Protein chains: 2
Amino acid sequence: MNEAGPAGSGRREVIVARAAELLARKGIAGTTVREIGEAVGILSGSIYHHFESKDAIVDVLMSAYLQELQAQYRAVLDEATDVSATFEGLVHASLRTIELHPHATLIYQHEAQYFRETPRYRYVRVAGERVRETWMGVLETAVADGVFRADLPTRHLYLLLRDGLWLSVRWFRPTAGYGYPQLATDCARLYHQAFASQSTLRRMLARP
Amino acid sequence: MNEAGPAGSGRREVIVARAAELLARKGIAGTTVREIGEAVGILSGSIYHHFESKDAIVDVLMSAYLQELQAQYRAVLDEATDVSATFEGLVHASLRTIELHPHATLIYQHEAQYFRETPRYRYVRVAGERVRETWMGVLETAVADGVFRADLPTRHLYLLLRDGLWLSVRWFRPTAGYGYPQLATDCARLYHQAFASQSTLRRMLARP
DNA sequence: GTCTATACATAGATAGAC
DNA sequence: GTCTATCTATGTATAGAC
């Protein structure tokens with residue numbers, strides 16, 4: 001029983017949650033199943049009653065993360081209006097996902113190479129591709145509309161934003177007055193100005 | 001003999017070079033001394049004739065990297081003119097260092113947590129502090145002079161730039177017509193516009 | 001400077017008692 | 001569902017022959 005309990009209460013969920021912290025801090029290769037067991041309060045052998053391997057834990061973690069990210073992006077695209085609003089929406093959606101899954105975000109960022117080289121994690125790479133396509137679609141539309149600059153490779157715009165945005169999980173610590181929504185607003189402002197075309201800049205200066 | 005040979009020709013240098021590739025791709029914990037030996041063409045035991053441990057190899061690698069970075073930044077600061085030129089100079093210096101030490105850059109970025117938690121690598125953290133101080137000094141001067149925007153935390157400006165810039169090593173592949181110097185010029189333009197104050201933006205639009 | 005051989009510790013994973 | 005016990009593989013590191 002207890003199989004249909006609320007998310008986070010089952011033994012499996014506790015294991016995944018504790019493992020997430022360790023995996024984010026020490027990396028996948030640097031985290032042992034024994035450590036995960038210790039963090040949960042059971043012996044390493046007992047972990048294998050719930051998961052068939054260390055990578056199986058990572059699977060649960062990353063799948064939930066990538067599904068959440070996809071859902072967040074989908075919601076933004078479904079109620080898309082103009083391209084600037086969509087851009088801003090994606091920034092907010094990304095930071096919301098980071099706030100919900102900080103450990104998974106860090107693991108995803110730091111183990112990208114491992115995920116790429118390991119057949120088992122093909123779905124991670126596929127999800128990453130989809131994220132890239134989503135962003136590039138929005139950015140290319142903005143460039144085509146003359147809203148964003150065309151003097152730099154659009155791909156560079158995406159990659160510089162991506163790493164700046166996602167790696168904020170390494171340094172940002174929300175406080176009472178300044179949380180992830182505020183950070184998202186600030187990031188959207190910063191990158192919007194960074195990416196703005198000359199005509200957009202003129203419009204921004206005309207009515208701030 | 002051969003101890004005073006040109007850098008890169010000695011056995012030690014070859015080991016460090018091959019190890020750098022592996023450590024960058026698989027992480028420190030994910031790379032074994034056996035693999036390093038294989039990459040060099042000797043058995044793992046022989047590695048210990050040259051280095052007392054795996055971490056000792058990382059030390060040589062990171063020390064050379066951080067010294068190079070410091071020298072590059074020093075050169076920029078020594079011939080500093082106005083704050084915009086210094087900012088641009090630091091961007092170019094950073095990407096020059098990435099070009100010279102791509103593997104060390106990746107290791108530094110991905111193993112930051114490990115370096116922070118391991119007493120042996122105190123010097124890495126100290127060097128990182130100095131880099132931060134260098135950038136923050138320039139950015140805060142620019143903000144004080146009204147050149148850069150003051151509506152976002154200056155620390156955020158630095159961190160978003162840092163991660164975007166340094167992580168370019170994960171995706172940028174130089175070609176004949178577009179190498180690191182070109183990327184540096186583009187990044188400097190992008191972040192300069194991102195960080196520009198309203199008055200700077202007005203000046204930029206007046207004379208492009 | 002490298003190899004052979006190996007000590008020793010720790011890793012992932014399994015089997016069966018409770 | 002957890003523990004005890006353990007197998008097996010692999011890791012770091014060392015000693016001594018060549």
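Each chain gets a letter, A, B and so on, in the order its sequence line appears, and its residues count up from 1. From a predicted model like this one, the values you see are computed outputs, not experimental measurements.
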Please work out which of the three classes, parallel, tilted or perpendicular, describes the rings of B:Tyr114 and B:Tyr121, given edges at 30° and 60°.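 It falls in the tilted class, 30° to 60°.
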Donor-acceptor pair, B:Gln67 side chain versus B:Ala64 backbone, under 3.5 Å? no
Using modelled atom types and a 3.5 Å cut-off, is there a donor and acceptor pairing between side-chain atoms of A:Ser63 and backbone atoms of A:Val60?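 Between the backbone of A:Val60 and the side chain of A:Ser63 there is no qualifying donor-acceptor contact (under 3.5 Å).
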The correct set of residues in residues 46-58 of chain B placing a heavy atom under 4.0 Å from DNA chain C is B:Ser46, B:His49, B:His50
One thing to verify: whether A:Glu129 and A:Arg132 come together as a salt bridge, which I'm taking to mean a side-chain N less than 4.0 angstrom from a carboxylate O.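 Looking at A:Arg132 and A:Glu129, the cut-off is met.
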Please check if any side-chain donor atom of A:Arg170 sits under 3.5 Å from a side-chain acceptor atom of A:Gln109, or the reverse. no
Just checking, any donor-acceptor pair under 3.5 angstrom between side chains of A:Thr200 and A:Ser197? yes
N/O (side chain, A:Arg11) to phosphate O (OP1/OP2, D:dT2) under 4.0 Å: yes
B:Leu190 versus A:Arg149: any side-chain heavy-atom pair under 4.5 Å?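 Of all side-chain heavy-atom pairs linking A:Arg149 with B:Leu190, at least one is under 4.5 Å.
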Answer whether the closest heavy-atom distance between the side chains of A:Tyr65 and A:Leu100 falls below 4.5 Å.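 Sidechains of A:Leu100 and A:Tyr65: no contact.
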Mind listing the residues from residues 19-37 of chain A sitting with a heavy atom below 4.0 Å of DNA chain D? Number order is fine. none
What nucleic acid atoms does B:Leu43 come within less than 4.0 Å of, heavy atoms only: base, sugar-phosphate, or nothing? base
